[in-house]
Every structure is written in C-alpha cells, then in structure tokens.
Amino acid sequence: MSFLNFILGGRRSAPVARERLQVMLAHERSLTGGADLAAILQKEILEVIARHIPIDRDHVVVKLDRGEQVSTLEIDIEMPETALAGR
Amino acid sequence: MGKVLVVTSGKGGVGKTTTTAALGAALAQTGETVVVVDFDVGLRNLDLVMGAERRVVFDLVNVVQGDAKLPQALIRDKRVENLSLLAASQTRDKDALTEPGVGRVIDELREGFDWIVCDSPAGIEKGATLAMRFADLAVVVTNPEVSSVRDSDRIIGMLDSKTHRAETGDRMEKHLLLTRFDAARAARGEMMSVEDVLEILAIPLLGIVSESPDVLTASNVGCPITLHNPGSAAARAYDQAARRLLGETIAVNEPRERRSFMSRLFGRKAAA
C-alpha cells in the first residue's frame with residue numbers, strides 16, 4: 001500500500017498532523033496566565049464600543065482563525081439605526 | 001426537542017472522541033441537526049479531530065459561566081452545514097463545570113438541535129459524570145480487551161444509577177460499540193470475540209468497528225472518518241451505527257478475517 005502511495009504520489013497525512021499540532025501548540029504555549037488573548041481582546045473591544053452605543057450581546061459574532069503566520073479575529077457587531085440616530 | 005447522546009467508556013484511548021466525531025458527522029449527513037460537545041475540560045481534543053482547533057474562541061466553560069452566549073461558542077463545521085462543535089476549555093479544570101450550568105446549556109442545545117452528542121472524558125470523575133448526567137441514551141465504546149470491558153461494566157452501572165434519567169425512574173437506553181476489533185486475532189482466540197463481550201456486558205450491540213489505519217489518517221488531517229474516507233470499513237460501520245440510532249433495522253455483520261493473497265497461498269502458517 002505504501003509503495004502504491006509512493007508511485008501514485010498520494011499525500012501522506014502525518015506531515016499534515018505535525019503541522020496542525022505545531023500551530024496549535026505554539027498558540028497554547030503562548031497563553032499567559034491561562035487567559036486567551038482573543039477572548040481578552042474581544043471583551044475589551046466590546047467594552048470600548050459599549051461606552052458609546054448599547055450593544056446587544058445576542059447580535060455580536062466573533063470569529064477567529066489561527067494561522068501559522070497570521071491569525072485573524074473578526075468581531076461583527078450589529079448597530080441598530082436607533083443606536084446611531086441623533087449622533 | 002433534541003436527544004442527548006453520551007459517548008462514554010470509563011477507559012481512555014478506546015475511541016470515544018473518534019466515535020463522537022464519526023457518529024456526529026454521520027447523523028448530520030442524514031439531515032439531522034447535530035452538535036458535538038467536548039466535556040474533556042483541560043484536555044480537549046474533539047476540536048482537533050474535527051479540524052476546528054484554529055477557530056475556537058469560546059468554549060463550554062465560557063457558556064456555563066455566562067461569559068459567552070451559546071451561539072457565540074458554537075463552531076459551524078465547514079464541510080457539513082448542519083453540524084456544529086462546542087469545544088471544551090483547554091486552560092481550565094473540570095471544577096469549572098457545575099451541574100446546574102451544564103443542565104442549562106444542555107436544555108438550550110435541545111431547543112436548537114436534533115442530536116446533542118457529548119464526548120465524555122475518560123475516568124469516572126466529575127467530567128465523566130456531568131457528560132452523562134442529562135443523557136437520554138448512551139453509546140458505550142469498548143475494546144475487546146479485559147480492562148476496557150471491566151471499565152465499561154462500571155460505566156454501565158453508573159448510567160443506570162447516577163444519571164438524571166435513572167434517578168427519575170426513566171429507562172436509560174444503552175448501546176455497545178465495539179471498536180479496535182481485530183477479526184484475525186479474534187479468530188485465532190487471541191482476542192475476546194464479539195459474543196464474549198456481549199455476554200458479559202449484556203447491552204445491545206450498535207456496531208463493530210475494526211482496527212484501521214484509516215482512523216489515524218482521518219485524525220491526522222482533522223476530519224471525521226465518515227467524511228474523510230466514506231468508503232472505508234470503519235466509516236461504513238459508523239454510518240450504519242448512526243442509522244441504527246435513528247431507528248433503522250440493519251443487521252450487524254461481524255468483520256471477517258481478511259487474509260492476504262500470500263497467506264491464502266501458503267495457508268495459516270504464513271500469517272502466524
């Protein structure tokens with residue numbers, strides 16, 4: 001089977017496993033004091049916005065994608081017209 | 001109202017997380033809405049097996065403690081749209097979970113999903129008891145090996161006494177899933193047979209999953225085996241198990257010993 005994979009150029013899965021673990025463990029080891037940076041960021045960003053407009057926590061979507069080089073944190077906050085009116 | 005299914009075993013390393021991912025994906029592929037929930041706080045792995053480890057922001061502990069709303073913590077699968085994951089926390093310990101808190105989260109999940117599949121941690125401590133606490137039915141994952149069978153027996157006893165259902169006089173539905181089965185070794189008498197295990201544990205058989213390199217490959221790439229390699233024997237076994245959970249009547253076929261051409265040519269000696 002492995003010979004056949006070699007001939008057919010089949011992609012082996014072990015390197016994929018190694019790469020996934022490296023990315024994840026690098027992230028987990030960087031956690032200081034058990035707090036997740038993404039969670040802290042989202043909390044503080046929401047606090048800043050909440051100072052200016054009321055935020056309904058049911059209408060906040062937080063998405064995270066941890067990459068090897070770059071991670072993205074996406075915070076999607078719905079701002080109703082009524083909150084923006086009169087400003 | 002959704003059904004709560006706990007995947008449990010007592011012993012570690014028998015295939016609970018693999019089974020949770022595979023059954024969850026198989027149920028979702030039949031059109032049911034499914035959420036898989038990791039109860040292994042401090043040692044989470046379901047996110048890795050599901051391939052969602054880079055996308056976890058909030059987890060079960062955040063929701064139980066009110067730091068996040070449930071919809072914010074649910075991670076939609078990118079391959080099957082009616083499949084979601086609720087991860088465990090990696091940085092907390094199991095004491096962060098409370099029974100009323102877990103009960104609230106389970107109630108909320110019942111409203112939104114047809115199936116809530118709970119991946120229990122190994123052992124019989126708090127994490128494992130909370131994972132089974134609100135279950136309607138259980139899949140007991142067992143290897144045909146003495147320590148696994150003994151631990152499964154212990155877990156079956158707990159399912160019948162320590163769960164909400166048991167305490168309120170309801171029947172807890174229990175199913176046996178035999179994993180890492182090796183037909184050749186069972187045929188040679190080196191491994192307990194299916195009948196042996198069934199006789200000892202005395203709960204109905206949901207399926208038999210043979211030991212397979214395909215399972216390792218699927219976890220390497222972070223995809224439930226039922227999605228990654230649907231044609232493999234392991235995926236077919238999980239798929240049929242999921243259909244039995246949905247009430248279909250499908251006979252369980254015991255995996256046969258698959259002998260290579262060479263061993264067939266030279267008889268059993270070559271294999272022994």
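Proteins get letters first, then strands, A, B, ... in listed order; numbering begins at 1 in each. None of the values given here were measured: they were computed from a predicted structure. All heavy atoms count here, side chains included; hydrogens, waters and symmetry mates do not.
- In terms of modelled atom types and a separation under 3.5 Å, the side chain of B:Q72 and the main chain of A:V60 share a donor-acceptor contact.
- In terms of heavy-atom pairs under 4.5 angstrom with chain A, the leader among B:K69, B:Q90, B:E53 is B:E53.
- From A:S71, atom OG reaches atom CZ of B:R55 across 13.5 Å, with rounding to the nearest 0.5 Å.
- Contacts of B:D67 with chain A are made by backbone atoms alone, with heavy-atom separations under 4.5 Å and no side-chain atom involved.
- Counting heavy-atom neighbours within 6.0 Å of B:R76 CZ, excluding the residue itself, gives a total of 12 or less.
- Interface residue B:S219: only backbone heavy atoms are found under 4.5 Å from chain A.
- Only the side chain of A:V23 comes within contact range of chain B, with at least one heavy atom under 4.5 Å from a heavy atom of that chain.
- If you measure heavy-atom distances from B:L48 to chain A, the contacts under 4.5 Å come from both the backbone and the side chain.
- Other residues, nucleotides and ligands contribute only 12 or fewer heavy atoms inside 6.0 Å of the CD atom of B:E81.
- A donor-acceptor contact shorter than 3.5 Å links the side chain of A:R20 to the backbone of B:N220.
- The shortest distance between side-chain heavy atoms of B:R54 and A:L64 does not fall below 4.5 Å.
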